Visitor: 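Supplied in structure tokens, the structure appears directly below.
Numbered from 1 within each chain, the chains take letters A, B, ... in sequence-line order. Since the structure is predicted, the reported quantities are computational estimates derived from the model, not experimental observations.
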2 protein chains.
Amino acid sequence: MSELAARVLVVEDEQQMLRFLRTALTAQGYEVREAVTAAESIVEATTHNPELILLDLGLPDGDGIDLTRRFREWTRVPIIVISARGREDDKVAALDAGADDYLTKPFSVNELLARMRVALRHAAQAGTDTSSTVIEVGELRVDQVRREVAVGGREVRLTPTEYRLLVLMAANAGKVLTHRQILKAVWGPPYMGETHYLRVFMAQLRRKIEADPARPRLLVTEPGVGYRMRDV
Amino acid sequence: MSELAARVLVVEDEQQMLRFLRTALTAQGYEVREAVTAAESIVEATTHNPELILLDLGLPDGDGIDLTRRFREWTRVPIIVISARGREDDKVAALDAGADDYLTKPFSVNELLARMRVALRHAAQAGTDTSSTVIEVGELRVDQVRREVAVGGREVRLTPTEYRLLVLMAANAGKVLTHRQILKAVWGPPYMGETHYLRVFMAQLRRKIEADPARPRLLVTEPGVGYRMRDV
DNA sequence: CCGCCCCCTGACACAATCCTGACGCTTCCC
DNA sequence: GGGAAGCGTCAGGATTGTGTCAGGGGGCGG
């Protein structure tokens with residue numbers, strides 16, 4: 001399992017709790033690194049790239065919720081907040097700030113370990129997706145940094161909406177996207193019913209990137225469901 | 001926000017709690033679907049493809065942890081467990097079975113909503129997909145992400161209704177589904193009396209996926225009751 | 001102020017799907 | 001043996017979904 005020997009950063013100022021966590025996690029085979037202050041935790045995180053962060057809200061040099069937000073500016077590493085404060089507002093604020101879970105002291109070790117496994121499971125799942133800047137599907141090539149689209153080397157000029165639609169389809173090559181999913185992603189939630197937009201823009205895209213727009217090989221229709229970019 | 005109008009499946013047998021959740025979630029703009037039993041929840045999930053599942057552990061017809069495990073055989077949709085049981089073992093078992101979070105009754109609505117946002121955030125990160133995987137029954141193979149059906153490696157093209165019917169049967173492989181259950185799930189509650197639809201579409205499905213449609217080995221008839229997909 | 005480009009919208013043709021009725025078969029019960 | 005009920009099969013017509021075209025309106029830059 002990939003959770004074995006995962007690097008865990010524990011951010012905690014109370015010595016007692018820190019010792020407790022260290023022994024518990026080490027016993028499970030985790031590689032534990034420690035930070036006592038918010039500042040220190042950022043240094044640790046940047047230098048040692050942990051796979052999971054356990055974060056106590058009650059730090060001496062700053063608000064843990066702010067710290068969470070700061071982490072989220074540059075990393076998606078799972079953050080499990082541990083706090084003596086059981087107030088509803090704290091939980092909601094921490095979770096909305098980007099924390100993945102919230103445990104109130106006192107907590108059971110086994111529950112913590114189980115929730116850590118969940119967090120690491122999520123990370124492993126999310127890690128597989130390639131959010132690379134260049135997407136290639138057959139003859140099609142989309143460079144998201146340069147915002148350039150080419151088919152068989154030939155440059156293709158796309159309008160903003162066409163481009164967003166194409167990126168969405170290419171990024172999910174092989175998968176079927178429903179009308180609702182596409183409309184929500186490209187036009188926004190309020191437009192989830194406007195399936196006609198889709199037909200018009202799919203036709204335009206096909207005219208620009210397909211060799212024979214009447215017989216699409218890349219942007220195929222899944223009748224009654226949605227569309228799919230064929231990846232083979 | 002992309003989590004607006006997300007489809008949520010609530011699996012809960014207590015009427016009071018069900019009503020409570022329904023009003024709270026609807027007020028937040030969620031599209032709520034409901035199931036009262038474990039069997040019903042699988043039917044609902046396969047046919048309506050929710051983006052999140054709220055699952056009460058205390059169901060009349062089965063263990064919620066087993067149900068979680070069953071969901072995880074074919075879908076990665078976020079599951080938040082709600083339970084009156086606050087025992088550590090229950091939490092660990094549910095989380096390790098594949099649940100993404102665990103709330104103990106009584107819980108605060110705001111915390112539930114915050115944890116739902118976390119779960120939906122994770123799902124959105126993992127991809128635009130609804131995170132379903134593959135169902136395999138003998139020679140039959142259903143890939144819900146690609147929406148592809150194959151029998152012994154050979155691709156099969158299905159219409160929307162045929163596909164929904166097949167997914168329903170495959171997800172419940174081994175179990176007998178009554179005419180009413182199938183009709184309700186595939187065509188909707190108003191059509192529970194139209195058993196003729198079933199005969200027509202079962203015949204069409206058999207013609208497409210059975211080696212000898214006259215002697216079905218996958219989609220078998222349970223006379224006077226309903227149909228069943230044989231899982232061996 | 002003008003022109004261009006893009007997005008939205010409506011009308012229409014075509015294709016595919018779903019519904020519906022008729023009919024023959026089997027099974028079970030009387 | 002006969003009838004009824006349930007099931008499987010077939011084919012045509014209604015309905016829905018999809019592709020296509022063209023034009024108006026609004027925003028943006030010159």
Visitor: For the residue pair B:W187 and B:F201, categorise the inter-ring angle as parallel (less than 30°), tilted (30 to 60°) or perpendicular (more than 60°).
Guide: perpendicular
Visitor: I'd like the 5' and 3' limits of the part of DNA chain C contacted by chain A, with heavy-atom contacts below 4.0 Å.
Guide: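 Nucleotide range with atoms under 4.0 Å of chain A: C:dC6 to C:dA11.
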Visitor: Assign B:R157 to base, sugar-phosphate, or nothing according to its heavy-atom contacts below 4.0 angstrom with the strands shown.
Guide: sugar-phosphate
Visitor: Is there any protein nitrogen or oxygen under 3.5 Å from a nitrogen or oxygen in nucleotides 26-30 of chain D, and what are the pairs?
Guide:
none

Visitor: Who pairs with B:D101 by salt bridge (charged side-chain N to carboxylate O under 4.0 Å, His left out), at least two apart in sequence or on another chain?
Guide: A:R115, B:R115
Visitor: To the nearest Å, give me how far apart CD1 (A:I182) and P (D:dT18) are.
Guide: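 Those two atoms, CD1 and P, are 11 Å apart.
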Visitor: How would you list, by chain and number, every residue that makes a ring pair (Phe, Tyr, Trp, His ring centres under 6.0 Å) with A:F71, sequence neighbours excluded?
Guide: none
Visitor: What residues, two or more places apart in sequence or in another chain, satisfy salt bridge (charged side-chain N to carboxylate O under 4.0 Å, His left out) together with A:E148?
Guide: none
Visitor: For each nucleotide in nucleotides 4-10 of chain D, reading 5' to 3', give B when a protein heavy atom comes within less than 4.0 Å of its base, S when such contact involves only the sugar-phosphate, and - otherwise.
Guide: ---BBBB
Visitor: CD of B:Q16: more than 12 outside heavy atoms within 6.0 angstrom?
Guide: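 No.
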Visitor: A quick test of your reading: do over 12 heavy atoms of other residues, nucleotides or ligands sit less than 6.0 Å from CZ of A:R147?
Guide: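 Atom CZ in A:R147 is crowded, with more than 12 foreign heavy atoms closer than 6.0 Å.
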Visitor: Does anything in residues 161-173 of chain B come within less than 4.0 Å of DNA chain D? Heavy atoms only, and list the residues if so.
Guide: none
Visitor: Looking just at side-chain N and O atoms, do B:R206 and B:T221 make a donor-acceptor pair shorter than 3.5 Å?
Guide: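 There is such a pair between these side chains.
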Visitor: Which residue pairs pass the ring-ring contact (aromatic ring centres under 6.0 Å, His included) test when at least one of the two sits in residues 147-182 of chain B, sequence neighbours left out?
Guide: B:H179-B:Y227
Visitor: Please identify each residue that fulfils salt bridge (charged side-chain N to carboxylate O under 4.0 Å, His left out) with A:R69, with sequence neighbours left out.
Guide: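 Testing A:R69 for salt bridge (charged side-chain N to carboxylate O under 4.0 Å, His left out), a comparison that skips the adjacent residues, returns A:D66.
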Visitor: For a quick check under 3.5 Å, do A:T133 and A:Q144 share a side-chain donor-acceptor pair by atom type?
Guide: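 Result is no, nothing qualifies.
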Visitor: Output all residues satisfying side chain to side chain donor-acceptor pair (under 3.5 Å) with B:D96, sequence neighbours left out; order by chain, then residue number.
Guide: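 For B:D96 the side chain to side chain donor-acceptor pair (under 3.5 Å) partners, ignoring immediate neighbours, are A:R117.
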Visitor: Decide yes or no for B:I53 and B:V8: does some side-chain heavy atom of the first lie under 4.5 Å from some side-chain heavy atom of the second?
Guide: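 They are not in contact (no side-chain heavy atoms under 4.5 Å apart), so the answer is no.
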Visitor: Which angle, to the nearest 10 degrees, lies between the helix axes at the two ends of the helix from C:dC1-D:dG30 to C:dC30-D:dG1, each defined by five pairs?
Guide: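 Both end axes considered, the difference amounts to 30°.
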Visitor: Can you establish whether the number of heavy atoms outside A:R72 located under 6.0 Å from its atom CZ is more than 12?
Guide: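 Yes, because the 6.0 Å sphere around CZ of A:R72 holds more than 12 heavy atoms from other groups.
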Visitor: So B:V176 and B:M229, side-chain contact (heavy atoms from CB on, under 4.5 Å) or not? Walk me through it.
Guide: CA-CA 8 Å; B:V176 179; B:M229 173 156 292; over 6 Å; no
Visitor: So, using salt bridge (charged side-chain N to carboxylate O under 4.0 Å, His left out) as the criterion, who are the partners of B:E136 when residues are at least two apart?
Guide: B:R141
